[in-house]
Participant: 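Submitted below is the structure of interest, expressed as structure tokens.
Every chain is numbered from 1 and lettered A, B, ... according to where its sequence line falls, protein lines coming before strand lines. As the structure is a computational prediction, the values presented were derived from the model and not from experiment.
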Amino acid sequence: MRLAINPAACDGLGMCAHQAPDVIQLDPWGYPLVSGDELEGPEADQASRAIRACPRNALFVAK
Amino acid sequence: MSTLDLDLTTGADHLLAQPLVYPGSVCALPLHGDIENLATHRARREMPVLTGSAFADALSGSELTGRGGAHVPAAWKLTAARDAGPGGTVVINGAEGEPGSAKDMALLQTRPHLVLEGALAVADAIRAREVVIWLHESAGASRASMAEAVRERRDELNVRVRMLLAPEGYVGGEASSVISAVRGGPALPQFSRDRVRPWGEGPAVLVHNAETHARLGLLALGANPVATSLVTVAESAAPLDFVRRTVLETDATMTFADVLATAGAPEPRAVLLGGMGGTWVPWTHLGGMSVDPWELRAAGLSLGAGIVHLLPKGRDGLQESVAILDWLAEQSARQCGPCIFGLPALADALRRTARGRDGGEARRIGDLVSGRGACRHPDGAVRMAMSAQEVFGS
Ligand code: SF4
Ligand code: SF4
């Protein structure tokens, strides 16, 4: 899977980075850096958790 | 604004009879005789207007791309809009957010029927429900000429044509802002990565700027829609203080030096090509190049929204770019963190570069911000800043 973000929906509070520390880093202003790389195994699990945890529905699986 | 003699000696595939000069940053009211009325427009026609699938086929065979900067082939958008089914909306986007541009205004004011012709041909081809004319409230002259053109045609229209007022500012003219507003939402950029079908689900909301519609109009009238390009030569007295904008029609036989000579503008130090989010090019490099989209592309450049923004000799390019970045940061629609925080940080980093410090920080912030907004606003700002460092950095 590949992770994607709608930057206009994101609140920058960083809940996702807690759920997916190996996948999502935060920029200096607290907004997540989402790479778009293909994720597998534990990283994909983390990404799925981040998607579910995001209070703004800003994260999704890229098509 | 100079007078314009719209007689039939104007080439069939041309948009303007002669350069139009706009003094100051205001939207000048054209002299009454400058507006091409319906009778004159009709007199140009040499064959029946192409409609429906004949128009779509002609468009597929042309190389027409959008003239707002993104350069998506117009045929792709038309096909996607046809596939989306009937009942859609065609938008004439006349809300140019680029302060240096005047080309769309020039067309809306002098060739309203040609612009309308393009929109009506598209509306017919996609079986649209309505045509929306999207203009700034402050664009009084464009609103007046378009309203008059619609009035002249009101007995023959088979779609609704309405005018919607855009908020002032840079991103109100962004296609996704327009789509949102047409659907009754806020006029703010929306997140979409689909350049061909940015309206998402349901009937199409097909947005083209005025120049693209005028070119679609040429196609509908059987003329070559891509024989020329419109550019605006923008001269300023201080950063962002435009004192003279000259709209002229160019073709690939002209160099940028020819363009400047036609506009009567002095040789600059450098040009910001394309718009505020464009690319700085030293005049020594650009002057001899042709106004040819292909040649420019090969050199890593783009006409963008057609703006040739002059940096006069003696003015500091880095200072100029800092002023532009500050302005672009202010124009952010304030929806996305990387744009809200990244553009001011980028402006500060470039300010430090302008004071003689190392430029590494601006590049680092640029890399961090680029591609991370819902719209391409930050990407243009980063592109401009990086080219400023390259051209003006020590
Ligand atoms: S959890 Fe959602 S809203 Fe919060 S920072 Fe992450 S993506 Fe943005
Ligand atoms: S990138 Fe900037 S201008 Fe574009 S939607 Fe986001 S905040 Fe608004």
Side-chain angles (χ1 to χ4, degrees), chain A, chain B residues 171-172 174-181 183 185-198 200-201 329 331-349 360-382:
Chain A
M1 69 160 343
R2 287 182 300 117
L3 193 59
I5 182 165
N6 172 358
C10 171
D11 64 12
L13 294 179
M15 193 78 91
C16 50
H18 276 291
Q19 299 293 328
D22 301 325
V23 176
I24 295 175
Q25 268 76 53
L26 299 178
D27 72 11
W29 310 289
Y31 290 82
L33 291 156
V34 172
S35 78
D37 292 344
E38 186 66 38
L39 304 173
E40 284 170 5
E43 290 191 339
D45 295 343
Q46 283 193 14
S48 304
R49 273 209 297 284
I51 290 173
R52 281 196 301 277
C54 173
R56 304 291 295 268
N57 282 326
L59 292 171
F60 57 96
V61 178
K63 280 191 213 110
Chain B
V171 296
E174 220 269 336
S176 66
S177 302
V178 185
I179 292 169
S180 172
R183 288 179 163 168
L188 290 172
Q190 307 296 308
F191 176 70
S192 165
R193 284 281 177 253
D194 192 337
R195 295 196 310 160
V196 177
R197 191 191 290 267
E201 300 301 310
Q331 298 296 312
S332 157
R334 307 197 69 76
Q335 301 190 102
C336 317
C339 182
I340 300 171
F341 297 102
L343 295 192
L346 182 61
D348 286 341
E361 195 193 351
R363 180 160 302 279
R364 193 176 53 76
I365 294 172
D367 287 343
L368 198 56
V369 167
S370 196
R372 288 186 60 220
C375 74
R376 283 182 291 274
H377 181 61
D379 309 12
V382 170

Participant: Can you name the nearest heavy-atom pair linking B/P378 to B/V369, along with the distance?
Facilitator: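 Nearest heavy atoms, B/P378 then B/V369: CB-CG1, 3.7 Å.
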Participant: Under 4.5 Å, heavy atom to heavy atom, which residues of residues 19-33 of chain A contact chain B?
Facilitator: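 Only A/D27, A/P28, A/W29, A/Y31, A/P32, A/L33 of residues 19-33 of chain A have a heavy atom under 4.5 Å from chain B.
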Participant: Using only non-hydrogen atoms and a strict under-4.5 angstrom cutoff, which residues of residues 48-59 of chain A touch chain B?
Facilitator: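 Near chain B, by residue number: none.
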Participant: Examine whether an atom of B/A345 lies under 4.5 Å from a heavy atom of chain A, and if so say whether it belongs to the side chain, the backbone or both; otherwise answer neither.
Facilitator: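 For B/A345, side-chain heavy atoms alone lie under 4.5 Å from chain A.
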Participant: Heavy atoms only: give me the nearest B/C339-B/P344 pair and the separation to one decimal.
Facilitator: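 Distance-wise, the nearest heavy atoms are O-CD, 3.9 Å.
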Participant: Looking at B/E174 and B/R376, what are the two nearest heavy atoms and their distance?
Facilitator: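 Where B/E174 meets B/R376 most closely, the heavy atoms are OE2-N, 4.5 Å.
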Participant: Measuring from B/Q190:CD to B/I179:CD1, what's the distance to the nearest 0.5 Å?
Facilitator: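 Those atoms lie 9.0 Å apart.
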Participant: Compare every heavy atom of B/A333 with every heavy atom of B/P189, then report the nearest pair and how far apart it is.
Facilitator: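 Scanning both residues, the minimum pair turns out to be CD-CB, 3.7 Å.
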Participant: At their closest point, which heavy atom of B/I365 faces which heavy atom of B/A349, and how far apart are they?
Facilitator: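 Shortest heavy-atom separation between B/I365 and B/A349 comes out as CD1-CB, 4.0 Å.
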Participant: Quick check: closest heavy atoms across A/E38 and A/R2, and the distance to 0.1 Å?
Facilitator: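 For A/E38 and A/R2, the tightest heavy-atom pair comes out as OE1-CG, 3.5 Å.
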Participant: Kindly indicate, with the supporting measurements, whether the criterion side-chain contact (heavy atoms from CB on, under 4.5 Å) is fulfilled by A/D37 and A/E43.
Facilitator: CA-CA 11 Å; A/D37 292 344; A/E43 290 191 339; over 6 Å; no
